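To keep things clear, I will list the structure first and then write my remarks on it.
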Amino acid sequence: KAGVTQTPRYLIKTRGQQVTLSCSPISGHRSVSWYQQTPGQGLQFLFEYFSETQRNKGNFPGRFSGRQFSNSRSEMNVSTLELGDSALYLCASSLGLAGETQYFGPGTRLLVL
Amino acid sequence: AQTVTQSQPEMSVQEAETVTLSCTYDTSESNYYLFWYKQPPSRQMILVIRQEAYKQQNATENRFSVNFQKAAKSFSLKISDSQLGDTAMYFCAFMTHYNTDKLIFGTGTRLQVFP
């Protein structure tokens with residue numbers, strides 16, 4: 001089975017712009033979660049989608065949003081980018097049942113100038 | 001709120017030796033799951049091992065095993081016969097039964113394996 005894929009792998013944006021990141025889960029997985037990893041804050045949960053519905057949300061401002069499509073692929077959008085949004089964005093997929101293991105993609109590295 | 005603490009920012013071990021990474025957590029939940037993930041320089045997060053809180057038996061995966069002490073809220077990872085490829089950041093993570101797919105991570109332990 002193919003693993004979780006994320007596109008693009010690298011992005012450079014300037015402050016004020018917006019960005020969309022994409023995540024394709026493992027075939028058969030219905031849940032996609034997004035995490036932000038920075039040196040200062042570590043790994044933080046952004047949100048999780050299951051069957052096209054946001055099921056869980058972390059403590060991030062409304063500039064961070066996401067969605068999930070009927071094929072379970074997910075996108076994450078960040079509007080009005082700030083320097084502090086520079087990070088590695090990881091997505092993970094699972095079957096979506098209680099306690100199921102999450103499998104991570106390779107991440108998208110976003111640099112905001 | 002749940003928290004995960006990894007008190008060892010960095011550790012080193014010689015090839016073929018054994019090393020133990022520490023993790024403690026805090027929760028009022030009784031039903032939860034614990035994980036160790038490895039993040040090598042490629043930044044790909046890889047599952048090492050998982051433990052269900054309702055299981056008393058410690059999980060084992062080849063050279064990796066855990067010491068799960070539920071009363072003490074401790075979840076340490078033991079790596080036996082360390083290999084150069086074990087060099088990575090190791091993250092302890094926690095998930096409740098009712099907040100599925102929301103992992104809470106510790107700050108990580110950087111492990112260096114020397115030849």
Side-chain angles (χ1 to χ4, degrees), chain A residues 2-6 9-10 23 25-26 29-51 53-60 66 68 72 74 87-111, chain B residues 1-10 23 25 27 29-55 59 61 64 66 68 70 75 88-110:
Chain A
V4 179
T5 58
Q6 291 186 246
R9 295 293 310 280
Y10 303 92
C23 173
I26 292 170
H29 284 190
R30 295 169 65 193
S31 168
V32 173
S33 298
W34 289 89
Y35 296 85
Q36 182 196 64
Q37 186 176 23
T38 60
Q41 300 298 317
L43 280 151
Q44 296 186 90
F45 173 79
L46 280 154
F47 33 66
E48 182 245 348
Y49 285 86
F50 178 80
S51 291
T53 300
Q54 187 180 85
R55 191 164 62 170
N56 241 319
K57 190 177 187 312
N59 295 324
F60 278 80
Q68 187 179 35
S72 293
S74 176
L88 179 68
Y89 290 89
L90 294 165
C91 89
S93 78
S94 81
L95 292 172
L97 305 175
E100 287 290 337
T101 296
Q102 292 192 329
Y103 296 92
F104 284 81
T108 294
R109 184 174 292 281
L110 171 66
L111 177 61
Chain B
Q2 291 89 10
T3 58
V4 177
T5 301
Q6 292 180 251
S7 58
Q8 305 153 314
E10 292 185 359
C23 172
Y25 58 93
T27 183
E29 303 280 340
S30 58
N31 200 0
Y32 52 86
Y33 308 85
L34 294 159
F35 305 83
W36 279 98
Y37 282 91
K38 163 185 173 181
Q39 190 177 43
S42 67
R43 309 306 297 274
Q44 173 83 52
M45 197 76 81
I46 302 164
L47 175 72
V48 175
I49 199 165
R50 60 170 278 149
Q51 174 81 43
E52 293 84 356
Y54 61 83
K55 288 187 178 178
E61 286 287 344
F64 300 90
V66 298
F68 174 47
K70 191 171 184 178
F75 182 61
M89 279 289 286
Y90 286 81
F91 292 96
C92 177
F94 170 97
M95 178 166 64
T96 69
H97 183 79
Y98 299 104
N99 250 338
T100 294
D101 293 298
K102 179 181 178 179
L103 285 167
I104 297 167
F105 286 91
T107 50
T109 296
R110 184 177 303 280

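Basis for what follows: all heavy atoms, side chains included, without hydrogens, waters or symmetry-related copies. Given the structure is predicted, the values throughout are model-derived calculations rather than measurements. Chain letters run A, B, ... following the sequence lines, proteins first, then strands; residues in each count from 1.
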> Which pair of non-hydrogen atoms, one from A/E100 and one from B/M95, has the smallest distance, and what is that distance?
Replying inline: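 It is O-CE, 3.4 Å.
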>> Could you report the tightest heavy-atom contact between B/Y37 and A/Q102, atom names first, then the distance?
In response: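 In this case the closest contact between B/Y37 and A/Q102 is OH-O, 2.6 Å.
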Non-hydrogen atoms of chain B under 4.5 Å away: do they reach the side chain of [X], the backbone, both or neither?
X     : result
A/L88 : side chain
A/Y35 : side chain
A/S31 : side chain

> Are the side chain of B/R43 and the backbone of A/L90 linked by a donor-acceptor contact shorter than 3.5 Å?
Replying inline: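 No, B/R43 side chain to A/L90 backbone: no donor-acceptor pair under 3.5 Å.
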> Given the options A/S33, A/G3, A/G99, which has more heavy-atom pairs under 4.5 Å with chain B than any of the others?
Replying inline: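 The residue among A/S33, A/G3, A/G99 with the greatest pair count is A/G99.
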>> Please identify, among A/G107, A/G96, A/G42, A/A92, the residue contributing the most non-hydrogen atom pairs under 4.5 Å to chain B.
In response: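 Of A/G107, A/G96, A/G42, A/A92, A/G96 has the most heavy-atom pairs under 4.5 Å with chain B.
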> chain A heavy atoms under 4.5 Å from B/E52: which part of the residue, side chain, backbone, both or neither?
Replying inline: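 The answer is neither part of B/E52.
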> For B/Y98, is it the side chain, the backbone, both or neither that has a heavy atom under 4.5 Å from a heavy atom of chain A?
Replying inline: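 Contact with chain A involves no heavy atom of B/Y98 at all.
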>> Within a 6.0 Å radius of atom NZ on A/K57, are there more than 12 heavy atoms belonging to other residues, nucleotides or ligands?
In response: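 Result for NZ/A/K57: enclosed.
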> How would you list all residue pairs meeting salt bridge (charged side-chain N to carboxylate O under 4.0 Å, His left out) that involve residues 90-103 of chain B, not counting sequence neighbours?
Replying inline: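 Every salt bridge (charged side-chain N to carboxylate O under 4.0 Å, His left out) pair that includes a residue of residues 90-103 of chain B, provided the two are not neighbours, is A/R55-B/D101.
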> Taking only residues two or more places apart in sequence or in another chain, which ones pass side-chain contact (heavy atoms from CB on, under 4.5 Å) with A/L46?
Replying inline: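 If we apply the side-chain contact (heavy atoms from CB on, under 4.5 Å) test to A/L46, skipping adjacent residues, the hits are A/W34, A/Q36, A/F60, A/F64, A/M76, A/Y89.
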> Which one, B/L47, B/L103, B/T96, B/T107, leads in non-hydrogen pairs under 4.5 Å with chain A?
Replying inline: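 Heavy-atom pair counts peak at B/L103.
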